There are 2 protein chains.
Amino acid sequence: MKNKKAPHIAVAIDCIVFGFDGTDLKLLLIQRGFNPELHKWSLMGGYVNPEESVDDASVRILHQLTGLQGVYLEQLHAFGAVQRDTTERTVSIAYFALIDIARYKQQLSADYHAEWFPIRDFPSLIFDHNEMVELAKKRLQYKAALHPVVFELLPQKFTLPQIQSMYDAVYEINFDKRNFSRKLLSTDLLIKLDEKDKLGSKKGAFYYTLNKDKYKENLYKIFSLIITPDNLQFL
Amino acid sequence: MKNKKAPHIAVAIDCIVFGFDGTDLKLLLIQRGFNPELHKWSLMGGYVNPEESVDDASVRILHQLTGLQGVYLEQLHAFGAVQRDTTERTVSIAYFALIDIARYKQQLSADYHAEWFPIRDFPSLIFDHNEMVELAKKRLQYKAALHPVVFELLPQKFTLPQIQSMYDAVYEINFDKRNFSRKLLSTDLLIKLDEKDKLGSKKGAFYYTLNKDKYKENLYKIFSLIITPDNLQFL
DNA sequence: CTATTAATTGTAATTTTGACATTTAATAGA
DNA sequence: TCTATTAAATGTCAAAATTACAATTAATAG
C-alpha cells in the first residue's frame with residue numbers, strides 16, 4: 001500500500017546506442033574507468049537524480065558519457081532483478097538510441113572512451129547489459145516491423161542499397177532486392193533525388209530522402225514490410 | 001557516473017488490469033482508502049521493496065490488492081516525471097495484466113474494493129494513471145497486431161463470435177465477420193470442438209481452443225490479422 | 001572500345017485481401 | 001407439427017499483394 005513509508009532504491013539509466021555506417025549495424029560501448037569491473041565494457045549508465053525526470057536523465061547521461069545530443073532515444077524496459085548490480089540494489093531503466101554514425105562522428109569526440117562494435121561481435125558486458133542489448137535488438141526488430149523508426153539510423157540522403165543493408169542488418173537476413181525496393185517505393189515515403197552516390201559503385205545509386213509530408217499519413221504503409229516467419233524474433 | 005554516491009528514489013508499481021467478459025473490454029480499478037486523493041479511483045499500486053525484484057513486486061502488489069494470482073502480467077513502461085506523485089518523488093513502473101473476467105471472479109473477492117469499469121467509460125484516475133491506461137491500450141493494440149497475446153483475455157474454450165468481440169473491443173472497430181473468421185482460421189491456431197455454446201443464441205456457436213502445439217510455430221500467422229490504416233494508433 | 005561491376009527494372013503464377021449475401025442450425029411460439 | 005426468428009456459418013469474385021525468379025542499364029577502368 002502506498003500509504004506506508006516508501007523504501008528508497010537507487011535508480012539508474014543504461015543506454016543502448018545503435019549506429020549504422022552505411023553497411024553494418026553497430027553498438028556503442030564504453031570501457032569503465034572505475035571499480036567494480038574496472039576496464040570492462042559496458043553500456044552508458046548513470047543514476048537518476050531526484051530533481052530530474054527519468055527521460056531527462058537518459059538524455060543527460062547519454063550526453064555526459066558520449067557527447068551525443070539530439071538523437072532518437074526511446075525507453076526500452078526497466079530491469080529490476082535484486083542482484084543485477086553488484087554494488088548495491090539498483091533498478092535500471094534502459095533506453096535505446098538510433099543514430100547515423102557518420103552524422104555524429106563529430107559529437108562523439110575522442111574525449112569519451114566510447115567505441116563502436118559490430119552488433120554481431122562485441123565484447124561481453126558487465127552486469128545484465130548483455131541481456132539489455134538482446135532485448136533492444138528484439139525491440140528494434142519488433143518496432144521496425146510496424147514503424148519506420150529505423151530511418152533514424154540513416155543520413156538524410158540515402159540510397160536504396162543503403163536502406164536495404166540497414167534492414168538486412170537489423171533482421172540479420174538478406175531480403176530480395178527487387179521485392180524489397182518495390183515494396184519500399186510503394187509506400188510513397190521516399191523522394192528520389194537527381195543526385196547519385198558514386199562512392200559505392202561505378203554506376204552510382206540515386207539518393208532518396210524521406211517524404212516528411214507523407215511520413216505521418218503513410219506510416220501504416222511500412223506495415224508488413226518486413227514480417228516473415230523466419231526473421232522475426234518475439235519479445 | 002556510477003562511481004558517485006547513488007541518490008535513492010521511491011520506486012513503485014502500478015498495474016493496469018484489462019479484463020474481457022465475452023462482450024466488453026474492461027478495466028479494474030480500486031478506490032483509495034487513504035490520503036491523499038482519498039476515495040478517488042486508481043490503479044493497483046505499491047512500492048517495490050529492496051529485497052524483491054521489480055517483476056516480483058508487480059505480482060505481489062496485484063495479488064495483495066485484488067487477490068488475483070497466476071495472471072498474464074507484462075511490464076509496460078516506467079513513468080518518471082518528477083512531479084507525477086504528489087506525495088513524494090516516485091518512479092513508477094507500470095505493468096499490464098490480461099484476464100478472463102469470468103475465470104477470476106472467485107479470486108477477485110469482495111474483500112477487495114476492486115471494480116470493473118468499461119474501457120470506454122471509466123472514472124478519472126489519480127496522478128498520471130490516465131496516461132498509463134492510455135499507453136496500455138495502445139500497447140495492447142500494438143502487441144496484438146503481431147502477437148496472439150489477447151487470447152489471455154479469453155477462457156480456454158471460446159467461440160468465434162467471442163474472439164471477434166474481443167478484437168472489436170481492443171481495436172474499437174467492427175471487423176467483417178466473414179473475413180475475420182477466414183483469416184483467423186487460416187492461422188491453424190484454433191481447434192474446433194464438437195461442443196457448442198448455447199447461451200448466446202438459439203443456433204449456438206462452436207467452441208474452439210488454442211492449438212498449443214502450433215502456437216509457437218505459427219505465431220507469425222497471426223501477423224497482419226489486424227493491421228489496417230485506420231485502426232492502429234502508434235506508440 | 002570493351003570488360004566489369006553494381007544499380008535498376010520486369011514478369012508471371014500464386015496467394016491474399018476486401019467487399020459483399022446467402023444458407024444453415026436451433027429454438028420458441030403459433 | 002409447422003413456422004417465424006435469430007444468430008452462426010459459409011461462399012464468391014475482382015482486385016491487390018506477394019513470391020520467385022533474370023535481364024538490362026549506367027558508369028568506370030583499363
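Here is how names work: the chains are called A, B, and so on, in the same order as the sequence lines, proteins then strands, and each is numbered from 1. Remember, predicted model here, so these are calculated numbers, not experimental data.
If you take CG of A/Leu193 and P of C/dT8, they are 12 Å apart, rounded to a whole angstrom. Remark: P of C/dA25 and NZ of B/Lys192 are 11 Å apart, rounded to the nearest angstrom. The interatomic distance linking B/Asp194 (CG) with D/dA9 (C1') rounds to 16 Å, in whole Å. If you measure from atom CZ of A/Phe180 to atom C1' of D/dT18, you get 15 Å, rounded to the nearest angstrom. When the C1' atom of C/dT17 is taken as reference, atom CG of B/Leu184 falls 16 Å away, rounded to whole Å. B/Leu199 places its CG atom 12 Å from the P atom of D/dA8, with the value rounded to the nearest Å. In this structure, CG of B/Leu160 is placed 15 Å from C1' of C/dT24, rounded to the nearest angstrom. In this entry the distance linking CZ of B/Phe175 with P of C/dC20 reads 17 Å, nearest Å.
Using the six-membered ring where Trp is involved, B/Phe117 and B/Trp41 have ring planes that are perpendicular, over 60° apart on the 30 and 60° scheme. Between A/Tyr167 and A/Phe175, the ring planes lie perpendicular to each other; the angle is over 60°, past the 30° to 60° tilted range. In this pair, A/Tyr142 and B/Tyr142 present their aromatic rings tilted. The plane angle is within the 30 to 60° band.
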Handout entry: Verdict with reasoning, A/Thr159 to A/Asp197, per side chain to side chain donor-acceptor pair (under 3.5 Å)
Key = CA-CA 7 Å; A/Thr159 67; A/Asp197 165 45; 4.8 Å; no
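Looking at the side chain of A/Asp176, the nearest of the listed nucleotides D/dC21, C/dA19, C/dA7 is D/dC21. Between D/dT10, C/dG18, D/dC21, one nucleotide has an atom nearer to the side chain of A/Asn179 than all others, and that is D/dC21.
By the ring pair (Phe, Tyr, Trp, His ring centres under 6.0 Å) test, B/Tyr95 pairs with no residue at all, sequence neighbours left out. The salt bridge (charged side-chain N to carboxylate O under 4.0 Å, His left out) test applied to A/Asp24 returns no partner, not counting sequence neighbours.
Under the Watson-Crick or G-U wobble criterion, with both distances below 3.5 Å, D/dG30 is paired with C/dC1.
The base of C/dG18 sits within donor-acceptor range of the side chain of B/Arg182, with an N or O pair under 3.5 Å.
Using a 4.0 Å heavy-atom distance criterion, A/Thr159 is classed as making no nucleic acid contact.
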Practice task
Would you give a per-nucleotide map of nucleotides 22-30 of chain D, 5' to 3', where B means the base has a protein non-hydrogen atom under 4.0 Å away, S means only the sugar-phosphate does, and - means neither?
Solution key: B--BBBB--
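Using modelled atom types and a 3.5 Å distance limit, the side chains of A/Glu74 and A/Tyr72 yield a donor-acceptor pair.
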